[in-house]
Amino acid sequence: MDKPVEKFIAPFRVESGKKFRLKDFSTSDTNGFKDKDQAERLLAQGVEWMSEQQEMLYAQDRYSLLLIFQAMDAAGKDGTIKHVMSGVNPQGVHVYSFKQPTSEELDHEFLWRFAKRMPERGKICIFNRSYYEDVLVVRVHPEYLTHAKLPPEAIGKKIWDHRYESIRDFEKHHARQGTIIRKFFLHVSRDEQRRRLLSRLEERSKNWKFAASDIAERVHWDEYQRAYEDAIAATATKEAPWYVVPADHKWFTRLVVAGVIVDALASLRLQFPKVDQHKRKELKAIEAVLRREK
Ligand code: ATP
Ligand code: MG
């Protein structure tokens, strides 16, 4: 199963910042898939396989999986998370949506609130937005730095490079400890975002999703694209690769994300823990007692 998946996701992977340009990555590619139904059938298979693997991950209690989702508004983070994780036992997965930091969180360095929520062994954690916001939204709106109560010497020209370094070190540390890290940038076009925001305004059932702030951020589109390009280039590594996923077609986004997760779990070659002879004898004895009860 893993070989074709590996090939399918390879075009979207970034594991080194060298020569990385966001404009080289398509927002609308469907990689030869024309048929949405075929993609949905494959997704269902992937989801089923993932659910079996997740049980083994949990039973083994050695590794954990961290999935980070970043995107412009309306790129489809929520829907992707919902569809891709639909078959997984909720006890083994935590989803955290990170918003603007609270005053308690601002009293700590920027990685603190994320470090607390890193996955336990055996678990899968999803970060819906993450510490990358601290080099994205905060970079586009440097005035947020004043809320962060940093000492003046920490707010120099090098602040973004220092933050990238901290992030690389943080991810490297966790990867060494057994956390598999995969990062997704759902790459939507400006036009498609416009269409989706319009449909949030037009359709009453979608009205609740509309936030006026989305329009305010849309004005900064190019600055965000540059900030993403920079952040991805600076933090794409072998142990914590980025996937720049075309996000203009939601069904394709979901298939790529599922593929990446399947590939990550496959790389662990998971198995249920083996029971040793002593334990097996013990279980046999208990079984015999239970059978005699009737
Ligand atoms: P939706 O798809 O529902 O809009 P969302 O992830 O955009 O989901 P919102 O509640 O709309 O959720 O937005 C959260 C906001 O919090 C984002 O605009 C994000 O940029 C902002 N945010 C996250 N982290 C930080 C941070 N460190 N500093 C400032 N703003 C942040
Ligand atoms: Mg939003």
Side-chain angles (χ1 to χ4, degrees), residues 27 66-85 94-118 125-150 154-155 159-160 162-164 166-167 170-171 183-190 192-201 203-232 234-235 245 247-248 250 253-254 257:
T27 58
L66 173 67
L67 306 169
I68 294 182
F69 287 85
Q70 286 291 154
M72 297 296 284
D73 285 300
K77 285 186 281 112
D78 292 11
T80 302
I81 294 168
K82 182 169 118 188
H83 280 83
V84 172
M85 301 316 287
H94 293 292
V95 183
Y96 297 107
S97 297
F98 291 99
K99 315 279 178 191
Q100 292 206 6
T102 63
S103 58
E104 187 197 13
E105 288 165 348
L106 286 170
D107 262 336
H108 295 267
E109 53 79 31
F110 77 99
L111 290 172
W112 180 77
R113 64 173 173 153
F114 305 97
K116 286 201 299 187
R117 293 175 174 91
M118 290 297 283
C125 265
I126 294 178
F127 284 2
N128 182 352
R129 302 193 185 275
S130 65
Y131 39 83
Y132 283 98
E133 291 295 322
D134 292 276
V135 291
L136 294 164
V137 65
V138 182
R139 187 161 187 184
V140 174
H141 299 284
E143 63 273 19
Y144 283 138
L145 282 176
T146 50
H147 307 315
K149 296 194 264 179
L150 290 165
I155 315 182
I159 182 166
W160 310 117
H162 288 159
R163 285 191 171 192
Y164 295 146
S166 300
I167 289 173
F170 179 78
E171 290 179 345
K183 305 177 292 198
F184 301 96
F185 171 51
L186 306 192
H187 190 25
V188 75
S189 67
R190 196 160 190 258
E192 181 59 23
Q193 190 202 45
R194 178 173 162 273
R195 270 191 288 277
R196 289 184 191 174
L197 292 176
L198 273 175
S199 87
R200 287 181 181 185
L201 291 168
E203 290 171 43
R204 286 189 75 171
S205 66
K206 290 186 183 170
N207 277 178
W208 65 274
K209 280 192 188 174
F210 186 83
S213 61
D214 296 353
I215 297 294
E217 291 318 290
R218 190 174 152 78
V219 174
H220 299 286
W221 186 273
D222 292 340
E223 294 155 74
Y224 271 108
Q225 298 293 301
R226 270 197 298 278
Y228 268 108
E229 184 170 85
D230 237 39
I232 292 171
T235 58
V245 186
D248 285 356
K250 290 181 179 174
T253 313
R254 291 167 192 168
V257 170

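Note that the structure is a prediction, hence the values are computed from the model and not measured. Start at 1 with the first residue, then count along the sequence. Atoms within each ligand, like the ligands themselves, are counted from 1 in listed order.
- Listed by chain and residue number, F114, F170 satisfy the ring pair (Phe, Tyr, Trp, His ring centres under 6.0 Å) test with Y131 (two or more places apart in sequence, or in another chain).
- Looking at residues two or more places apart in sequence or on another chain, you find no side-chain hydrogen bond (donor to acceptor under 3.5 Å, both in side chains) involving S166.
- In this structure, W221 has no ring pair (Phe, Tyr, Trp, His ring centres under 6.0 Å) partners at least two apart in sequence or on a different chain.
- For ligand 1, the 4.0 Å heavy-atom shell contains residues D73, K77, F98, K99, Q100, P101, R113, R129, E133, D134, V137, V138, Y144.
- Using cut-offs of 30° and 60° for the angle between ring planes, the Y224 and Y228 rings count as tilted.
- Ion pair R129/D73 flagged as a salt bridge, since at least one NZ, NE, NH1 or NH2 atom sits closer than 4.0 Å to an Asp/Glu carboxylate oxygen.
- Taking the ring axis of F110 as reference, the NZ or CZ atom of R163 stays within 45° of it and closer than 6.0 Å to the ring centre.
- Among the atoms of D73, an N, O or S atom is found under 2.8 Å from the Mg ion (ligand 2).
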